[in-house]
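Given the structure is predicted, the values throughout are model-derived calculations rather than measurements. In listed order, ligands and their atoms are each counted from 1.
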Amino acid sequence: MASDPYQSFGRIKPDKRRAVSPEEGLARIGDGPLADGFLPFGKGLSYGDSCHNDAGQLIDMGQADRILSFDTQTGLLDAEAGVDLQAIIAQCGPHGWFLPVTPGTRFVTLGGAIANDVHGKNHHRRGTFGAHVESLTIARSDSGIREISARKEAELFHATIGGMGLTGVILSARLRMMPVRSLDVVQTITPFDTIGDYLAMAEEADAKNEYAVAWIDQLASGAKQGRGVLLAANHAESGSKGDAAPGQARLSVPFQPPINVLNRPFLKLFNGAYRFSQIRKAGAPIRTSWQSYFYPLDSVRNWNRLYGPKGLYQHQSVVPYETAADALPALLDAAQKEQAGSFLTVLKRFGEMGRAGLIGFARPGYTLTLDFPNQGERTRRLMDRLDAITVAAGGAVNPYKDARMSPRTFKAGFPDWAKLEAMRDPCLISDYWRRTAIVLKQDG
Ligand SMILES: Cc1cc2nc3c(=O)[nH]c(=O)nc-3n(C[C@H](O)[C@H](O)[C@H](O)COP(=O)(O)OP(=O)(O)OC[C@H]3O[C@@H](n4cnc5c(N)ncnc54)[C@H](O)[C@@H]3O)c2cc1C
């Protein structure tokens, strides 16, 4: 979880924040619109300011975290929005059910996963998280508490999935879980030398596997640029059902070092060692625990502190299939020209299903994720360059990983933003929304 209360994962603005309880938040939004508004907050595992409302007030939805019911026959789960994915796995895994879609950390809340319509390594098979939500109970300042679904107030339901907390406070949700024989996976590792080689095999890997994601050695340049490993997997026929203690992280970064530890020399060593260790395992299918395949970073608590006091920026772009072969190397080139080292560089093919909500990040294409230590103006210049390449390729930059994109970049990737603004609860707003959509609205 985020290391300090109410920070976001990137820790770019480490202000001290406070939040009201769900009871107080609901009572106060019921009093009618407030200039500075409220925003539901999950666990702050978004990277930037889409989970912040510094001019107004946060509502700590993580406090409402009960599982209400689980039907072991149908896999239907009813839970309050603040329950985290780890608790859901602990409840459902032993009965042979897993999350149909999971992001790379199991500490996010159910409400946060729905509000950002998150994606996982199986987007090509299952779409986004919101595609598995049967119904929601939400509270709005202008119309109170109600249940919504694809059959009842469908427009509001679809706007709330991926609605970034703006169309109502999600109180609880009904989620359809996925049947599995085991949570563990059988993984096949395939090295590749260039982005072109990856693109040539990504679609087939998707067709054959439930999960597929690639790691890129972002510091490799010249003829080695774009080399990496493709990690494809399917659930094993037997193995863990998540019934062992769900577990807290075994390791922790106990304090924030005064400088960024994840610097270029460290990354060179890390990337070399990681690549070597993966290539040694390449070829034959190997059984891998669900914790290490889905959530490798969860084993070190507060690892984002390693970026030092200035925090990190993440840049996640998605570009259409047609432009990926040019745009992906251009994105890597831009980072290399700035000598910027990315600790985690992940490449994934999204399937045709796109998003489940009115607006959302996932769409057919390839998504590249880069993490950079915050070096001030220099890093922001690079991020602007990455935005420009993405937009020119017809793509989009992920809002819930962002802390600085321009209104123009947002509009280019999310042309339907005004429809969401029209459905926004007048009492709910975020810092991200203020500096993008509200600026666009004011500019007419
Ligand atoms: C290590 C790591 C790996 C990640 N991997 C992935 C990945 O693979 N795929 C992916 O898509 N994302 C990924 N993410 C991002 C993360 O999954 C999302 O940002 C997620 O939405 C965070 O959930 P949260 O509970 O922390 O919510 P927060 O970050 O606190 O809030 C997220 C949004 O949800 C809204 N919200 C929260 N609770 C409610 C509620 N009850 N009602 C209405 N709105 C609400 C907030 O207002 C905000 O807009 C990753 C993040 C980390 C740190």
Quiz item: Between the side chains of Q187 and T288, is a donor N or O closer than 3.5 angstrom to an acceptor N or O?
Solution: yes
Self-check item: Nearest neighbour in protein (non-hydrogen) for atom 37 (C) of ligand 1
Solution: G42 N, 3.6 Å
Quiz prompt | N116 and ligand 1 - part of the residue with a heavy-atom distance under 4.0 Å | solution = side chain
Quiz item: How far is atom 5 (N) of ligand 1 from its nearest protein heavy atom, and which residue and atom name does that atom have?
Solution: G104 N, 3.0 Å
Quiz item: Which is closest to atom 12 (N) of ligand 1 by heavy-atom distance: F38, F41, Y432, Y400?
Solution: Y400
Quiz prompt | ligand 1 versus A81: contacting region, heavy-atom distance under 4.0 Å | solution = side chain
Self-check item: Where N53 and G37 come nearest, the two heavy atoms and their spacing
Solution: ND2-O, 2.9 Å
Quiz item: Should K401 be listed as contacting ligand 1, given a heavy-atom distance under 4.0 Å as the test?
Solution: yes
Quiz prompt | 4.0 Å heavy-atom contact, S50 with ligand 1 | solution = yes
Quiz item: Counting each atom of ligand 1 from 1 as listed, which ones have a heavy atom of S46 under 4.0 Å away?
Solution: 19 (O), 22 (C), 28 (P), 29 (O), 31 (O), 32 (C)
Quiz item: Hey, which atoms in ligand 1 end up nearer than 4.0 Å to a heavy atom of K43?
Solution: 24 (P), 25 (O), 26 (O), 27 (O), 30 (O)
Quiz item: Is it true that a side-chain atom of S149 and a backbone atom of K152 form a donor plus acceptor pair closer than 3.5 Å?
Solution: yes
Quiz item: Parallel under 30°, tilted from 30 to 60°, perpendicular over 60°: which one fits the rings of F361 and H119?
Solution: tilted
Practice problem: Using distance alone, determine whether H119 and ligand 1 share an N or O pair under 3.5 Å. | Solution: yes
Quiz item: Taking N or O atoms only and a 3.5 Å limit, does G112 qualify as a polar contact for ligand 1?
Solution: yes
Exercise. Among all protein heavy atoms, pick the one closest to atom 23 (O) of ligand 1 and tell me residue, atom and distance.
Key: V108 CB, 3.5 Å
Quiz item: Below 4.0 angstrom, N of the basic side chain to O of the carboxylate: do K13 and D15 qualify?
Solution: no
Practice problem: Out of G165, P40, A64, A173, indicate the one that has the non-hydrogen atom closest to atom 46 (C) of ligand 1. | Solution: P40
Quiz prompt | Per-atom contacts, ligand 1 versus L39 - under 4.0 Å to a heavy atom | solution = 47 (O)
Quiz item: Does the ring center of Y432 lie less than 6.0 Å from the ring center of F410?
Solution: yes
Quiz item: Taking the inter-plane angle between the rings of F270 and Y274 on a 0 to 90° scale, is it parallel (under 30°), tilted (30 to 60°) or perpendicular (over 60°)?
Solution: parallel
Quiz prompt | Top protein contact for atom 31 (O) of ligand 1, by heavy-atom distance | solution = C51 CB, 3.6 Å
Quiz item: Identify the closest protein heavy atom to atom 51 (C) of ligand 1: which residue and atom is it, and at what distance?
Solution: L45 O, 3.3 Å
Quiz item: Has Y47 got any heavy atom lying under 4.0 angstrom from an atom of ligand 1?
Solution: yes
Practice problem: For ligand 1, find out whether one of its N or O atoms is nearer than 3.5 Å to an N or O atom of G44. | Solution: yes
Self-check item: Any N/O pair I170/ligand 1 closer than 3.5 Å
Solution: yes
Practice problem: Would you please classify the geometry between the W290 ring and the F98 ring as parallel, tilted or perpendicular, with 30° and 60° separating the classes? | Solution: perpendicular
Quiz prompt | Heavy atom of A362, distance to ligand 1 below 4.0 Å | solution = no
Practice problem: Determine, considering heavy atoms only, which of Y6, W303, F9 sits nearest to atom 53 (C) of ligand 1. | Solution: F9
Quiz item: Numbering the atoms of ligand 1 from 1, which are under 4.0 Å from a heavy atom of A115?
Solution: 34 (O), 35 (C), 36 (N), 44 (N), 45 (C)
